[in-house]
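Quick caveat, the model's predicted, so the values are computed rather than measured. Start at 1 with the first residue, then count along the sequence.
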Amino acid sequence: MAANNDTIEQFNKYVMHSYGRYDVVMDKGEHETATDENGKEYIDFGSGIGTNSLGYCNDEWVEAICSQAHKIQHTSNYYYTKVQADFAKELCETTGYSKMFFGNSGAEANECAIKIARKYSFDKYGKGRHNIITLVNSFHGRTLCTLSATGQDVFHNYFFPFVDGFINVEANNIDDLRAKLDDTVCAVMFEYIQGEGGVMQLDQAFVDEIFKLCAEKDVLTIADEVQTGVGRTGKFLCGEKYGHKADLTTLAKGLAGGVPIGVCLADEKCADVFTPGTHGSTFGGNPICCAGGLAVLKEVNSNGFLEEVAKKGDYIRNNLLKIPEVESVSGIGLMIGVKLKTKKAADVVKKALENGLLLLTAKEKVRLLPPLTITYEEIDKGLSIIKDILN
């Protein structure tokens with residue numbers, strides 16, 4: 001059945017065309033299945049780009065959101081709310097960080113980390129030590145500053161002049177890192193797995209070197225875990241997989257299960273860099289979003305949950321590698337990139353949509369970011385659709 005053209009035409013008439021959209025009008029969702037306006041169902045292997053961590057309309061999550069909406073939906077950050085305090089306590093205890101700043105998105109969380117790093121260095125060393133190393137092929141957001149931090153030339157267009165103070169180092173190139181980490185650098189910012197960059201994970205030796213060099217020079221480490229965090233890799237933070245804890249870690253996407261949130265976590269060294277008036281966010285720490293976040297944390301921290309995420313990831317990988325068209329599979333846990341031998345990723349994603357499966361792309365790869373709660377039955381159904389398309 002064709003998409004509802006009335007909805008699409010109305011939308012396109014009034015909304016800027018900054019996205020390439022498919023002709024599908026989503027209407028509702030339950031568990032790991034979305035349903036469009038015509039009643040067609042789609043198994044979701046994308047979770048809103050890793051955001052619907054508990055699937056669609058998880059019962060406990062909905063109850064938490066609705067209960068908070070009946071109490072208070074927003075208040076200025078001049079005041080306190082218990083749900084915000086409860087969420088902050090739970091997240092800090094889960095991750096081992098000292099304090100956090102609340103925002104609304106991954107880009108905001110990364111902007112916050114950049115500001116903390118520069119102020120930390122300014123407070124301690126004065127001017128001239130403001131550069132931040134980011135990696136080639138990285139992605140850190142769409143604001144002007146985080147776009148400048150992003151290490152992909154394709155994004156550095158149109159919006160000149162970009163923010164200066166960012167130096168790109170080739171991922172996994174230790175010599176390049178050593179050469180550029182000089183006395184003008186205040187932080188090294190990286191993704192353990194470059195999501196938008198093609199689901200490319202960093203080598204253990206390279207990560208080890210980042211932390212070693214930064215510790216020697218009092219340069220801060222910033223881990224952008226917007227996509228890898230909140231259980232996506234089978235650990236709450238991907239840094240646990242690498243045996244490291246960054247000075248600053250940013251989270252967003254799946255943290256509140258589908259409502260806007262962004263968080264910058266800080267260790268003791270960085271916890272008190274901000275003073276009143278140096279940073280802010282009107283909607284940061286919104287009570288409804290914090291309630292959703294508490295529901296996510298309760299589920300993700302439940303006994304055996306993260307172990308199951310890791311097992312599901314291995315299960316999907318092993319089955320994908322049995323398909324002749326699949327050249328390789330990258331990523332960790334339920335963050336998966338699939339490199340194909342002959343077919344184009346975009347064509348496969350479009351064909352999957354026609355066959356009732358939601359997939360993503362990441363550069364030349366097909367990308368899978370299923371809800372963390374996806375069942376093996378749903379995994380098998382989705383894999384069957386992928387197999388049919390690739391064969």
Side-chain angles (χ1 to χ4, degrees), residues 18 49-50 101 103-122 127-173 176-177 179-202 206-207 210-211 213-214 217 219-229 238-239 244 246-253 262-266 270 273-274 278-279 281 284 362-363:
S18 59
I49 316 183
F101 178 86
N104 308 287
S105 66
E108 282 190 44
N110 286 334
E111 288 258 1
C112 176
I114 290 166
K115 288 180 70 175
I116 289 175
R118 287 183 170 169
K119 187 172 185 298
Y120 171 87
S121 187
F122 181 88
K127 289 184 178 180
R129 196 176 184 269
H130 60 268
N131 286 327
I132 294 175
I133 287 177
T134 63
L135 303 183
V136 174
N137 211 40
S138 61
F139 182 85
H140 297 296
R142 296 279 186 178
T143 63
L144 195 55
C145 185
T146 55
L147 207 59
S148 303
T150 292
Q152 297 188 54
D153 289 340
V154 67
F155 291 109
H156 297 160
N157 208 349
Y158 310 122
F159 310 112
F160 306 104
F162 284 90
V163 178
D164 65 7
F166 295 99
I167 300 168
N168 294 148
V169 163
E170 185 179 339
N172 297 322
N173 187 331
D176 196 23
L177 174 68
K180 293 175 180 174
L181 211 169
D182 59 24
D183 292 337
T184 69
V185 174
C186 67
V188 177
M189 186 176 190
F190 58 90
E191 304 155 278
Y192 289 105
I193 306 172
Q194 296 181 328
E196 304 301 322
V199 196
M200 301 296 294
Q201 60 209 66
L202 299 184
F206 183 72
V207 174
I210 289 175
F211 280 86
L213 291 175
C214 287
K217 296 174 177 286
V219 169
L220 298 184
T221 50
I222 304 172
D224 177 345
E225 294 227 34
V226 168
Q227 196 165 138
T228 57
C238 189
H244 290 287
D247 295 303
L248 298 163
T249 288
T250 57
L251 299 173
K253 289 195 180 290
V263 162
C264 179
L265 296 159
C270 304
V273 170
F274 282 155
T278 52
H279 199 44
S281 172
K363 289 195 176 292

Supply the atom-to-atom distance [X] [atom1] to [Y] [atom2], rounded to the nearest 0.5 angstrom.
| X | Y | atom1 | atom2 | value |
| --- | --- | --- | --- | --- |
| Cys270 | Ile116 | SG | CD1 | 6.5 Å |
| Phe274 | His279 | CZ | NE2 | 5.0 Å |
| Thr228 | Ile193 | OG1 | CD1 | 6.0 Å |
| Ile133 | Thr184 | CD1 | OG1 | 8.0 Å |
| Gln201 | Phe206 | CD | CZ | 14.0 Å |
| Phe166 | Asn131 | CZ | CG | 9.0 Å |

Close side-chain approach of [X] to [Y], heavy-atom, < 4.5 Å:
| X | Y | result |
| --- | --- | --- |
| Val219 | Arg129 | yes |
| Leu202 | Leu135 | yes |
| Phe101 | Ser281 | yes |
| Leu181 | Cys214 | yes |
| Met200 | Glu191 | no |
| Glu111 | Ile114 | no |

Criterion side chain to side chain contact (heavy atoms under 4.5 Å, CB included) on Glu196 and Ile49, from CA distance to verdict: CA-CA 10 Å; Glu196 304 301 322; Ile49 316 183; 4.2 Å; yes

Phe160 atom CZ: more than 12 heavy-atom contacts under 6.0 Å: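 More than 12 heavy atoms, drawn from other residues, nucleotides or ligands, come within 6.0 Å of this atom.
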
Heavy-atom neighbours of Asp182 CG exceed 12 at 6.0 Å: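 More than 12 heavy atoms, drawn from other residues, nucleotides or ligands, come within 6.0 Å of this atom.
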
Donor-acceptor contact present, side-chain [X] to main-chain [Y], <3.5 Å:
| X | Y | value |
| --- | --- | --- |
| Lys115 | Thr278 | yes |
| Thr146 | Ala107 | no |
| His156 | Leu147 | yes |
| Arg118 | His130 | yes |
| Ser121 | Ala117 | no |
| Gln227 | Gly50 | no |
| Asn137 | Gly197 | yes |
| Gln194 | Val136 | yes |
| Lys180 | Asn168 | yes |
| Thr250 | Ala109 | no |

Residue pair Ser148, Asp164: steps toward the side chain to side chain contact (heavy atoms under 4.5 Å, CB included) verdict: CA-CA 7 Å; Ser148 303; Asp164 65 7; over 6 Å; no

Looking only at non-hydrogen atoms, find the nearest pair between [X] and [Y] and report the distance.
| X | Y | result |
| --- | --- | --- |
| Cys145 | Val163 | CA-CG2, 3.9 Å |
| Tyr120 | Val273 | N-CG1, 3.8 Å |
| Ser138 | Ala149 | OG-O, 3.9 Å |
| Phe155 | Phe162 | O-CZ, 3.8 Å |
| Leu144 | Phe159 | CD1-O, 3.7 Å |
| Cys238 | Tyr192 | SG-CB, 3.7 Å |

Sole candidate of Asp224, Thr150, Thr143 that passes side-chain hydrogen bond (donor to acceptor under 3.5 Å, both in side chains) when paired with Asn110: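 Going through the options one by one, the only one that passes is Asp224.
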
Lys363/Gln152 under side-chain hydrogen bond (donor to acceptor under 3.5 Å, both in side chains): CA gap, chis, key distance, verdict: CA-CA 11 Å; Lys363 289 195 176 292; Gln152 297 188 54; 2.9 Å; yes

